[in-house]
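Working notes, beginning with the structure itself.
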Amino acid sequence: MTGTTQDDYTDVYARRVRGMTTSEIRALFAVASRPEVVSLAGGSPYIAALPLDAVGEMLGSLAAEHGAVSLQYGIGQGTVELRERICEVMALSGIRGASPDDVVVTVGGQQAIDLLARLFLDPGDVVLAEGPSYVGALGVFQAAQAQVHHVPMDYEGLIPAALEEAIAAVARSGRRAKFLYTIPTFQNPAGVTLTEERRERVLEICERAGLLVVEDDPYGMLSFEGDAPLPLRARRRDGVFYVSTFSKTFAPGLRVGWILAPHAVREKLVMMSEANVLCPSAFAQGAVTQYLTTMPWREQIKSYREIYRERRDVLLTALRDLMPAGTSWTNPAGGLFVWATLPEGLDSKAMMPRAIAARVAYVPGTGFYADGTGTSNMRLNFSYASPDRLREGVRRLAGVMEQELAMRAVFGPASAPHHHRRRGAAAADAPGPDLA
Ligand SMILES: Cc1ncc(COP(=O)(O)O)c(C=O)c1O
């Protein structure tokens, strides 16, 4: 079949694949990676801030001196050494007393979410998730043929009353909600953080409803103003599955994440993972273990925080100075993203080709909803582009938006792109792995 563009396999695909389509947005992202485009679209950490020479030496000795182990197969759960280090990392976030025995090392946080979906979701089950939510998780839930029911957020994160309503609505529809998937701290894509008070409320509501909680916490350590609130898992042991990763605190290229699971479930997770990848990469685990044992990783996190704080400030100032009236945005206290809401009538997805032509990229809000909403939103990343490029990116974006608004003023709303809703939009708009 080499060379054919027509898909001859459509009647062979599994049902879970049928909703998956490539989108025009994906094609645009290919263009967005050109150097002349300022990309505010990605989710990449600023890896150039790592001491790459020292990391290189460490990786060299990992092969030369420990190759018999680091280049060999390992065990499905991940090495004991790394799981012990992971418990120390979690203790820094406030999760104390976790046992290495209850940790499962995964191929990034992404595989952790996938394993939990495989473990708990039957086709037709419902997952509650913030609206908007992490695009990679939406892709996992779609592949599991589950339905995502979004729960709205405000500037204080997930709204507890809306969670209660959502649980009731799912129950009324006769379906079963299995878990709440939540990113309570420095949320991707919204940049908001669930307040202390709401953390208790959310946990109580889930407990009462018999709903498991999957807490995804890649960003908790990237706080710009003091420490982040304690993770949900630090408040409850039972019913909370804690997922995190070294992607944002060290390096995503190593693909090392983990799940801290209630003990009873841990063995099933390991079996799932073995069926999936046999074992996580021994070399990558060795690299993270060495990094955490021999290198100043806490200082590195501090330097990531400082770099990102400065870049967040640059982005927020540029937005304040340049965005057309009627635009609003979140003010993240950590993490990598700002979520912007456009002036009435602008459509972030329809505007994308014009933005790319003006050499700026963002992720349209629709990618972060399973139901096609989000046309008036966009996610802006501030971790990757330099401060100068961030300012220039916002300048270009503001120019595109001003033009759209002027067109609307002249030709009226009819000429403006229409809003549309459709199911299964998340996978179609998913921007691809480099844009996590
Ligand atoms: C909320 C969230 N969860 C999970 C991931 C997956 O990260 P990784 O698989 O690199 O650990 C990301 C990456 O951007 C994320 O933002």
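Note that ligands are numbered from 1 as they come in the structure, with each ligand's atoms numbered from 1 the same way.
- An N or O contact shorter than 3.5 Å links Gly109 to ligand 1 by distance.
- Two rings, from Phe250 and Tyr291, have their centers less than 6.0 Å apart.
- Because its NZ or CZ atom is not both nearer than 6.0 Å to the ring centre of Phe246 and within 45° of the ring axis, Arg255 does not count as a cation-pi partner of that residue.
- Relative orientation of the Phe120 and Phe179 rings is perpendicular, given thresholds of 30° and 60° on the angle between their planes.
- Residue-to-ligand polar distances place Gln110 within reach of ligand 1: an N/O pair is separated by less than 3.5 Å.
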Please lay out, stage by stage, how Asn381 and Ser383 fare under the test side-chain hydrogen bond (donor to acceptor under 3.5 Å, both in side chains). CA-CA 6 Å; Asn381 166 267; Ser383 59; 2.9 Å; yes
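- In the candidate list Val256, Asp216, Ile113, Asp216 is nearest to atom 1 (C) of ligand 1, counting heavy atoms.
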Trace of the side chain to side chain contact (heavy atoms under 4.5 Å, CB included) decision for Leu180 with Leu212: CA-CA 6 Å; Leu180 167 70; Leu212 300 177; over 6 Å; no
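- Taking a 4.0 Å cut-off on heavy atoms, Gly43 fails to register as neighbouring ligand 1.
- The shortest separation from a heavy atom of Gln111 to ligand 1 is not under 4.0 Å, leaving the residue out of contact.
- Taking every heavy atom of Pro218 and a limit of under 4.0 angstrom, the matching atoms of ligand 1 come to 1 (C), 2 (C), 3 (N), 15 (C).
- Between Arg389 and Glu392 there is no salt bridge, since none of the side-chain N atoms of the basic residue sits less than 4.0 Å from a carboxylate O of the acidic one.
- Per-residue contacts place Thr245 under 4.0 angstrom from the following atoms of ligand 1 (heavy atoms of the residue considered): 8 (P), 11 (O).
- Ring pair Tyr9/Tyr13 is tilted by interplanar angle, where 30° to 60° counts as tilted.
- Of all the atoms in ligand 1, the ones that sit under 4.0 Å from a non-hydrogen atom of Ser247 are 8 (P), 10 (O), 11 (O).
- Atom numbering of ligand 1 starts at 1 in the shown order; those under 4.0 Å from a heavy atom of Asn188 are 15 (C), 16 (O).
- Those atoms of ligand 1 with a heavy atom of Arg255 less than 4.0 angstrom away are 8 (P), 9 (O), 10 (O).
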Criterion side-chain hydrogen bond (donor to acceptor under 3.5 Å, both in side chains) on Ser273 and Gln111, from CA distance to verdict: CA-CA 8 Å; Ser273 187; Gln111 194 213 1; 3.1 Å; yes
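- Residue-level proximity to ligand 1 for Pro252 is absent, since no heavy atom of it falls below 4.0 angstrom.
- For atom 16 (O) of ligand 1, the choice among Tyr181, Tyr219, Phe186 with the nearest heavy atom turns out to be Tyr219.
- When non-hydrogen atoms are compared, ligand 1 lies under 4.0 Å from the side chain of Lys248 (C-beta onward) but not from its backbone.
- Remark: Asp217 does not engage Lys248 in a salt bridge, criterion side-chain N to carboxylate O under 4.0 Å.
- The residue Phe246 has no part lying near ligand 1, judged by heavy-atom distances below 4.0 Å.
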